[in-house]
Number of protein chains: 4
Amino acid sequence: MRKVTKIPFRRRKPTQVRAQATVEAMLDAVVRLLKRGGASAITTNRIAETGGVSIGSVYQYFPDKRAIFVALHERHIREVDRVIQRRISESIGEPLDRLVFSLIDGMIELHAADPELAVLLDSEVPHRVDGTREFSFRLHEHFRTALGPHAMSLGGNPKLNVRSFVLANMVDVFGHALVQRRPSGLSLRGARSEVCKAIMAALRC
Amino acid sequence: MRKVTKIPFRRRKPTQVRAQATVEAMLDAVVRLLKRGGASAITTNRIAETGGVSIGSVYQYFPDKRAIFVALHERHIREVDRVIQRRISESIGEPLDRLVFSLIDGMIELHAADPELAVLLDSEVPHRVDGTREFSFRLHEHFRTALGPHAMSLGGNPKLNVRSFVLANMVDVFGHALVQRRPSGLSLRGARSEVCKAIMAALRC
Amino acid sequence: MRKVTKIPFRRRKPTQVRAQATVEAMLDAVVRLLKRGGASAITTNRIAETGGVSIGSVYQYFPDKRAIFVALHERHIREVDRVIQRRISESIGEPLDRLVFSLIDGMIELHAADPELAVLLDSEVPHRVDGTREFSFRLHEHFRTALGPHAMSLGGNPKLNVRSFVLANMVDVFGHALVQRRPSGLSLRGARSEVCKAIMAALRC
Amino acid sequence: MRKVTKIPFRRRKPTQVRAQATVEAMLDAVVRLLKRGGASAITTNRIAETGGVSIGSVYQYFPDKRAIFVALHERHIREVDRVIQRRISESIGEPLDRLVFSLIDGMIELHAADPELAVLLDSEVPHRVDGTREFSFRLHEHFRTALGPHAMSLGGNPKLNVRSFVLANMVDVFGHALVQRRPSGLSLRGARSEVCKAIMAALRC
DNA sequence: CATGAATGAGTGTTCATTCAT
DNA sequence: AATGAATGAACACTCATTCAT
């Protein structure tokens with residue numbers, strides 16, 4: 001049988017400004033659909049329509065539907081990354097508890113801006129694990145670097161690797177939990193303060 | 001036909017032993033498919049085939065596809081619940097650090113049994129938020145109850161609500177992180193011990 | 001990245017009588033569409049509709065659209081095969097010119113039954129070459145066998161391989177040409193008789 | 001948009017040398033795509049890309065996709081025509097068997113140059129029948145004219161119409177068959193000589 | 001009850017064609 | 001003239017669901 005060799009097709013890379021805007025429009029459309037009707041409301045044609053582009057254009061930028069989801073997750077991850085990095089660099093020279101507070105506060109700010117989104121993003125939009133995993137490690141790096149200068153205040157045997165592991169995971173859960181799962185009877189501010197204290201204690205060992 | 005207007009229909013309650021086994025077979029089939037080909041590989045027909053039942057039988061036990069996912073998540077949650085409760089009751093009368101260790105150890109045991117599963121379950125299988133949320137609160141309750149007897153060792157002002165919030169979330173993340181995201185250069189045992197110390201510190205304030 | 005292994009899906013084999021009828025209905029639908037609007041009028045949904053089955057059923061029997069075309073060609077080939085074999089076996093014991101006449105007559109009968117079809121079949125319906133090639137060889141075999149008993153009447157040096165090659169190809173073209181491209185001023189009967197004489201001459205060397 | 005109602009539009013006639021080259025480039029691109037991936041690999045955009053022109057230019061020269069196929073077939077037919085006519089004119093004054101040999105040899109030369117192409121051209125590229133039919137008649141005319149001078153050597157009752165019908169069809173099949181379907185155990189030269197003898201016999205009646 | 005053939009709405013995706021630049 | 005980004009109608013194909021047996 002004659003081999004039916006699939007001939008690849010050029011996919012545009014969104015390097016141009018306008019192209020970037022189009023991609024953003026499409027990702028926003030996904031978010032809008034997600035909120036309106038859950039994962040099952042997301043179809044490629046609806047993404048195009050909601051995003052104000054033609055379905056053809058969608059496939060100019062993404063090879064398939066899944067790639068759109070990946071891009072959406074990546075955009076979210078990039079935002080988290082950005083916030084974390086900024087908060088870290090802003091806290092250089094400050095004492096450890098200021099850093100911890102700043103990180104938690106950054107996460108809250110991020111998730112509080114759109115509380116629904118973060119939840120939907122990882123409950124409804126399928127996301128291959130590797131991306132998340134990789135991101136997790138990158139965060140871990142950031143945190144380890146950030147903890148470096150505070151070695152003294154972490155006691156004689158800092159074990160930075162362990163400390164940053166603890167810090168990264170606590171910032172992650174509590175960043176989410178404070179916004180989404182805060183138990184009744186606790187104000188956000190109060191809970192935040194308690195969490196910061198807990199993190200400090202956990203870091204100091 | 002993809003029915004949109006739902007006509008209610010009596011669905012068999014799996015009270016019989018055999019029925020239970022059938023349901024289990026189907027849920028296991030979902031897991032198997034999930035591991036083999038990700039979320040997109042899960043179709044009702046394949047669930048039936050893989051589970052060794054007819055597609056008709058699937059609809060005898062579940063009103064629609066989503067219900068299968070819900071059941072799967074519920075089964076998983078039930079397992080976590082069971083482990084947590086057992087560990088708590090086993091630690092009654094023991095000091096707090098024994099409880100904490102037991103909880104973390106339980107979570108590790110749970111996730112280490114099938115490390116892939118837990119990840120896939122909440123990265124690929126869509127799960128309506130309410131169930132998770134509800135589960136989260138229930139866990140919180142368990143933890144608060146469990147912490148009750150340890151009020152003294154938590155200092156003069158225990159704020160049990162806050163402590164259990166901290167405990168629940170830390171057990172949750174680290175239970176996952178120790179199995180999936182443990183940084184290189186740390187043995188499971190070593191990391192576990194560090195995490196327990198961190199939790200203890202966070203609890204004591 | 002997680003391997004998204006495509007999980008195959010069971011395709012029904014049309015062994016049952018009813019299934020056979022369904023397949024026939026679908027192939028007939030293709031022919032009908034082909035005559036009505038050429039190749040571009042053939043869509044899988046139209047095949048289903050015209051054939052009186054659901055599109056889902058089409059895919060129960062064929063993995064994809066191309067497979068339908070292949071089946072159509074195979075059906076046609078099978079018919080030619082049947083006619084050729086019958087004519088050959090009917091001519092056993094008869095002189096060579098009776099065999100030649102019978103073969104040409106069979107082909108005419110076949111193509112005259114639906115003159116449009118044969119043309120459309122190989123001008124509009126894409127057909128992978130290998131099938132045709134294989135068929136061609138099989139026919140060649142039949143013809144060689146058929147010529148065996150006539151070795152004497154082919155002169156002292158029959159070279160059966162060459163003779164059957166000549167016969168097969170002449171039966172093929174003239175079978176088509178007599179129906180489709182017969183030059184003006186020639187009756188079918190007259191032309192047929194001339195062609196038979198020509199074939200006989202070509203066979204005798 | 002797939003325009004259905006055709007609005008007539010001036011199409012550039014490729015009179016210029018450069019224009020001719022562009023058209024050739026596009027037709028060559030079709031052939032290249034055809035060989036690489038069969039009929040389904042031929043898309044207008046790929047033709048443009050492979051041919052090194054813009055898709056816009058393709059539509060400057062062809063009203064639609066089908067027109068490209070027609071042009072491709074016409075180009076092929078023109079080549080066959082050219083070869084046949086040249087061989088005929090070269091054989092003027094020569095005996096009939098020289099003419100027959102020259103024709104067969106011309107066809108072999110033509111098809112052997114690109115054995116794949118001829119097959120693909122009429123197995124995969126849809127070709128409306130009329131063109132082929134018309135071409136067939138034109139060939140027939142050529143052959144009749146060519147046979148005229150050989151009336152004597154065809155016996156007392158030449159029936160040129162029938163002879164040229166026989167000749168045209170035999171040249172056609174064997175031209176293809178010798179290249180594509182020659183049975184094992186036959187050299188091209190040997191088979192060619194046998195075929196020429198067979199044609200001569202068929203012509204002489 | 002269990003089965004699995006049949007259904008067809010709806011999906012992801014392609015690709016012929018246009019037209020502003 | 002030439003370009004190629006953009007379009008969207010239409011396509012091939014899937015799969016949740018039903019229901020006659």
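Proteins come first, then strands; the chains are lettered A, B, ... in the order of their sequence lines, and each starts at number 1.
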What is the distance, rounded to the nearest whole Å, between atom [atom1] of [X] and atom [atom2] of [N]?
{"X": "B:L33", "N": "F:dC15", "atom1": "CG", "atom2": "P", "answer": "12 Å"}
{"X": "C:E49", "N": "E:dT7", "atom1": "CD", "atom2": "P", "answer": "13 Å"}
{"X": "B:F62", "N": "E:dA2", "atom1": "CZ", "atom2": "P", "answer": "14 Å"}
{"X": "C:R66", "N": "F:dA12", "atom1": "CZ", "atom2": "C1'", "answer": "14 Å"}
{"X": "D:M26", "N": "E:dA16", "atom1": "CE", "atom2": "P", "answer": "13 Å"}
{"X": "D:D64", "N": "E:dT18", "atom1": "CG", "atom2": "C1'", "answer": "14 Å"}

| query | Which part of the nucleic acid, if any, lies within contact of C:I47, taking any heavy atom under 4.0 Å across all strands shown: a base, the sugar-phosphate backbone alone, or nothing? | reply |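 Since no nucleic acid heavy atom lies under 4.0 Å of C:I47, the category is nothing.
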Minimum-distance nucleotide to [X] side chain [options: [options]]:
{"X": "A:K65", "options": "F:dA12, E:dT18, E:dG12", "value": "E:dG12"}
{"X": "B:S54", "options": "F:dG8, F:dA2, E:dG4", "value": "E:dG4"}
{"X": "C:N45", "options": "E:dG10, E:dA16, E:dT18", "value": "E:dG10"}
{"X": "C:I55", "options": "F:dA5, F:dA6, E:dA9", "value": "E:dA9"}

| Backbone N/O of B:L121 and side chain of B:H73: donor-acceptor pair under 3.5 Å |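 It does hold such a pair.
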Is the shortest heavy-atom distance from the side chain of [X] to the side chain of [Y] under 4.5 Å?
{"X": "D:F62", "Y": "D:V23", "value": "yes"}
{"X": "C:V31", "Y": "C:R75", "value": "yes"}
{"X": "B:R32", "Y": "B:D28", "value": "yes"}
{"X": "B:I42", "Y": "B:F69", "value": "yes"}

| query | So which one's nearest nucleotide on DNA chain E is more toward 5', A:G56 or C:S57? | reply |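 Here C:S57 is the residue nearer the 5' end.
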| query | Which sits closer to the 5' end of DNA chain E, A:I42 or B:R18, going by the nucleotide each is nearest to? | reply |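 Its nearest nucleotide lies further toward 5', so the answer is B:R18.
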Determine: side-chain N/O of [X] to OP1/OP2 of [N], distance under 4.0 Å, yes or no.
{"X": "D:Y59", "N": "E:dC15", "answer": "no"}
{"X": "D:T43", "N": "E:dC15", "answer": "no"}
{"X": "C:T44", "N": "F:dA12", "answer": "yes"}
{"X": "B:Q60", "N": "E:dA2", "answer": "yes"}

| query | If you pin A:G52 and C:R46 to their nearest nucleotides in DNA chain F, which one's is more 5'? | reply |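 Going by which nucleotide is closer to the 5' end, it is A:G52.
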| If we call it a pair only when both distances are under 3.5 Å in a Watson-Crick or G-U wobble match, what pairs with F:dA10? |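 Per the H-bond distance test, E:dT13.
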| field | Watson-Crick or G-U wobble mate for F:dA1, both contacts under 3.5 Å | value |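 The base-pairing partner of F:dA1, which may sit in any strand shown, does not exist here.
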